[in-house]
Amino acid sequence: MLFEVWAPTAAEGVVLRLEARELPMERDPARPGWWTLRVEAGPGTRYGFALDGGPVLPDPRSRRQPDGPDGLSAVVDPGAYEWRHPWQGRPLAGAVLYELHIGTFTSEGTFDAAAARLPHVARLGVTHVELMPVSPFPGTHGWGYDGVAPWAVHEPYGGPDGLARFADAAHGAGLGVVLDVVHNHLGPSGNHLPAYGPYFTGRHRTPWGDAVNLDDAGSDEVRASLCGSALALLRDFRLDGLRLDAVHTLADDRARHFLDELSAAVDALAAETGRPLFLIAESDRNDPRTTTPRTVHGHGLHAQWNDDFHHALHVALTGEARALYADFARAPMAALAKTLTGGFFHDGSYSSFRGRRHGAPLDPMTPTHRLVGFAQNHDQVGNRAAGDRLAASLSPGLLACAAALVLLSPFTPMLFMGEEWGARTPWLYFTDHTDPDLARAVREGRRAEFAAHGWDGDVADPQAPQTRERSCLDWSEPERDPHAALLAWHQDLIALRRAHPGLAHTSLGAARVTYDEDTRWLALSSGPLSIAVNLHPGETAAVPLPAHLEVLATWSTASQHEDGMLLLPPESAAVLR
């Protein structure tokens with residue numbers, strides 16, 4: 001087996017620690033900074049590298065960390081898993097995504113326990129599960145955004161074999177798998193990359209400190225490692241796509257942006273494997289270049305989360321108006337209409353939250369599947385002081401309205417685990433840092449952050465085990481009302497979307513919206529379907545819709561469609577064709 005490591009900081013030499021043996025490595029004359037050694041080693045063999053007589057450190061490209069980020073690495077054979085289910089992939093166009101966190105999807109918090117619940121997800125009708133990050137991080141439980149080994153898989157979840165079993169089970173249920181990956185920073189604990197080379201640069205500062213080195217000296221190898229880890233995940237675990245965390249914090253001044261390089265590599269892998277592969281960005285920029293094809297000087301990513309749609313829908317449903325919601329709260333129905341027809345609300349308009357103009361307009365011919373629409377996700381729930389979902393404060397009727405607008409919108413829809421039945425369990429911010437000083441800093445920092453944003457009341461201790469336990473789904477809820485009725489409603493809406501595949505193949509400018517700000521109704525016409533919602537708590541809405549339309553589904557049996565007028569009871573929705 002060939003062991004190799006990029007360690008340009010090593011001046012005197014690099015030693016491979018292989019079980020109890022210490023073996024000097026040799027410089028690679030063809031690749032500056034690289035050290036290599038070929039030696040017999042089978043799967044499971046523990047190893048690490050010592051630079052210039054220093055401590056033994058894990059491999060920067062480790063595929064497995066059986067004892068956590070600070071322990072030795074273990075040899076893995078990526079091709080050893082025997083796949084039970086053939087998989088040709090599922091494309092993004094036409095997808096319905098389901099975001100889940102392995103550590104709280106079940107109380108056990110493992111890949112195998114989550115796989116046992118996949119039949120529920122398949123019956124729901126979604127096409128892909130989107131896993132939150134699974135890279136190793138210190139401790140057992142956490143959100144996963146403080147991972148430190150981009151090539152490996154968190155051992156308490158089940159390690160690389162567990163992820164392979166989960167993906168295989170998903171494929172057996174007809175589900176694709178998308179994985180959230182973090183390239184913009186590494187966690188504050190267990191990160192040994194700086195000992196090896198210039199993985200970070202002081203040229204740029206990010207919310208987490210020095211930026212990942214994408215454009216300074218040595219950045220060729222850093223970019224290659226990040227691209228390599230992404231391709232390895234897609235190839236080795238037969239994943240269908242990756243969600244890229246906060247790409248707006250990727251500091252890159254090079255002529256060819258890292259995202260351009262990554263998207264080209266993923267497209268090449270898709271051609272090689274014959275499977276459709278895709279990248280979904282989380283971006284705060286409202287920048288059309290994110291999903292514009294590379295051939296016309298965009299970054300070539302296949303989709304991006306649409307936070308503006310979420311903000312507009314959230315304000316229309318809840319009336320919240322603080323901080324970033326302020327601009328949407330001035331005329332919520334108009335804001336919602338703008339996002340449904342234009343994608344971005346801030347498309348060059350003034351953002352009071354930022355104190356400047358923000359964003360740029362999308363081309364009306366932009367394929368609508370390039371925007372991912374949602375009413376909830378891990379950020380928008382977990383970054384609230386109480387971790388409260390919409391179901392904690394909204395009626396089942398308003399939750400049904402939200403579901404109709406998300407699942408039958410022009411965008412690629414996404415649900416957050418448990419949303420389909422109106423889960424009442426909170427989803428809180430939780431950590432399991434093993435460093436007591438870091439744990440204290442996170443606890444105090446979280447409280448200060450919420451206080452600065454005007455949140456009142458107690459903030460759950462991120463380090464307390466019960467904070468994670470409270471965040472686990474209650475799988476008894478879907479068996480009783482109103483949860484059962486909401487679950488059936490979500491299944492019906494997804495079935496309607498599947499029955500009308502043209503929804504996934506429209507352009508942004510094709511949708512039409514009418515609304516009344518005062519009486520709080522809105523009607524969306526997208527492809528062959530019209531979706532009408534009445535968000536008013538006490539008044540029936542008279543929504544003008546053509547008389548020839550056929551009612552396909554209603555939340556309230558009291559809905560009536562006669563003579564070109566849909567009478568929609570308070571807090572209810574209807575779908576027509």
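Side chains included, hydrogens not; waters and symmetry mates left out as well; all remaining heavy atoms used. On a predicted model such as this, the values are computed, not experimentally measured, just so you know.
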Have Asn306 and Arg370 got a donor and an acceptor in their side chains that come within less than 3.5 Å?
-> no
Please list all pairs passing the salt bridge (charged side-chain N to carboxylate O under 4.0 Å, His left out) test where one or both residues lie in residues 169-190, with sequence neighbours left out.
-> Asp180-Arg243
Report the distance from atom CZ of Arg289 to atom CG of Leu362, rounding to the nearest 0.5 Å.
-> 12.5 Å
Arg117 to Phe105, cation-pi by 6.0 Å centre distance and 45° axis angle = no
Is His358 reaching over with its side chain to a backbone N or O of Asp284, donor-acceptor style, under 3.5 angstrom?
-> yes
Would you check if there is a donor-acceptor pair between the side chains of His192 and Asp70 at a distance under 3.5 Å?
-> yes
Mind checking whether His299 and His257 have parallel, tilted or perpendicular rings, split at 30° and 60°?
-> tilted
Aromatic centroids of Phe258 and His183 separated by under 6.0 Å | yes
Checking Asp379 side chain against Asn383 main chain: does a donor-acceptor pair fall under 3.5 Å?
-> no
Report the C-alpha separation of Asp267 and His302 in whole Å, then their side-chain angles, then the decisive distance to 0.1 Å, and conclude whether the side-chain hydrogen bond (donor to acceptor under 3.5 Å, both in side chains) test is met.
-> CA-CA 10 Å; Asp267 286 347; His302 307 88; 2.9 Å; yes
Can you find a heavy atom in the side chain of Arg27 that is under 4.5 Å from one in the side chain of Trp35?
-> yes
Does some side-chain heavy atom of Asp67 sit less than 4.5 Å from a side-chain heavy atom of Leu72?
-> no
Can you check whether Phe237 reaches Pro160 side chain to side chain, under 4.5 Å on heavy atoms?
-> yes
Go through Arg203 and Asp253 one step at a time and tell me if the side-chain contact (heavy atoms from CB on, under 4.5 Å) criterion holds.
-> CA-CA 10 Å; Arg203 285 188 60 194; Asp253 290 335; 3.6 Å; yes
Flag the pair Asp240 and Arg90 as a salt bridge only when some basic side-chain nitrogen lies within less than 4.0 angstrom of an acidic carboxylate oxygen.
-> no
Residues Arg440, Asp437: salt bridge by 4.0 Å N-O rule | yes
State, with a plain yes or no, whether a side-chain heavy atom of Thr273 is found less than 4.5 Å away from one of Leu234.
-> no
Is the closest side-chain heavy-atom distance between Met417 and Leu473 below 4.5 Å?
-> yes
Spacing of Gln304 atom CD and Phe344 atom CZ [to the nearest 0.5 Å] = 4.0 Å
Quick check: does any side chain N or O of Asp260 sit under 3.5 Å from a backbone N or O of Arg294, one acting as donor and the other as acceptor?
-> no
Side chain Asp308, main chain His346, donor-acceptor under 3.5 Å = yes
Could you pull out all residues at least two apart from Trp427 that satisfy ring pair (Phe, Tyr, Trp, His ring centres under 6.0 Å)?
-> His101, Trp143, Phe416, Phe430
Between the side chain of Asp461 and the main-chain N/O of Gln463, is any donor-acceptor distance below 3.5 Å?
-> yes
Nearest 0.5 Å, what's the CZ-CD distance between Phe374 and Glu419?
-> 10.5 Å
Hey, is CD on Gln466 packed in by over 12 heavy atoms from elsewhere, all under 6.0 Å?
-> yes
side-chain contact (heavy atoms from CB on, under 4.5 Å) evaluation trace for His310 with Trp305 | CA-CA 9 Å; His310 165 273; Trp305 279 17; over 6 Å; no
Validation row: Arg254, Asp220 side chains within 4.5 angstrom (heavy atoms) | yes
Just do the ring-ring contact (aromatic ring centres under 6.0 Å, His included) check on Trp6 and Tyr199 with the steps written out, would you?
-> CA-CA 11 Å; Trp6 181 60; Tyr199 280 89; 5.4 Å; yes
Distance from Arg205 atom CZ to Asp210 atom CG, nearest 0.5 Å?
-> 5.0 Å
Between the main-chain N or O of Leu239 and the side-chain N or O of Arg275, is there a donor-acceptor pair closer than 3.5 Å?
-> yes
Nearest-0.5 Å distance, OH of residue Tyr429 to NE2 of residue His378 = 11.0 Å
Taking side chain as C-beta onward, heavy atoms only, is Asp307 less than 4.5 Å from Gln380?
-> yes
Return the orientation label for the Phe411 and Phe309 ring planes: parallel under 30°, perpendicular over 60°, tilted otherwise.
-> perpendicular
Backbone of Val381 reached by a side-chain donor or acceptor of Arg389 within 3.5 Å = no
Can any side-chain N or O of Thr467 pair as donor or acceptor with the backbone N or O of Ala460 at less than 3.5 Å?
-> no
Let me see the working for Gln65 and Ser73 under side-chain contact (heavy atoms from CB on, under 4.5 Å), right down to the final yes or no.
-> CA-CA 5 Å; Gln65 289 298 120; Ser73 302; 2.6 Å; yes
List the steps, then state whether side-chain contact (heavy atoms from CB on, under 4.5 Å) holds for Val15 with Phe49.
-> CA-CA 6 Å; Val15 171; Phe49 303 109; over 6 Å; no
Evaluate the side-chain proximity of Met1 to Thr45: yes if any heavy-atom separation is below 4.5 Å, no if none is.
-> no
Between atom CD1 of Ile102 and atom CZ of Phe111, what is the distance when rounded to the nearest 0.5 Å?
-> 5.5 Å
Heavy-atom donor-acceptor pair, Thr36 side chain to Glu4 backbone, under 3.5 Å | no
Short N-O contact, Asp432 and Arg468, less than 4.0 angstrom = no
Ring centroid separation for Phe278 and His128, is it under 6.0 angstrom?
-> yes
For Val148, does its backbone N or O pair with a side-chain atom of Ser135 as donor and acceptor, under 3.5 Å?
-> no
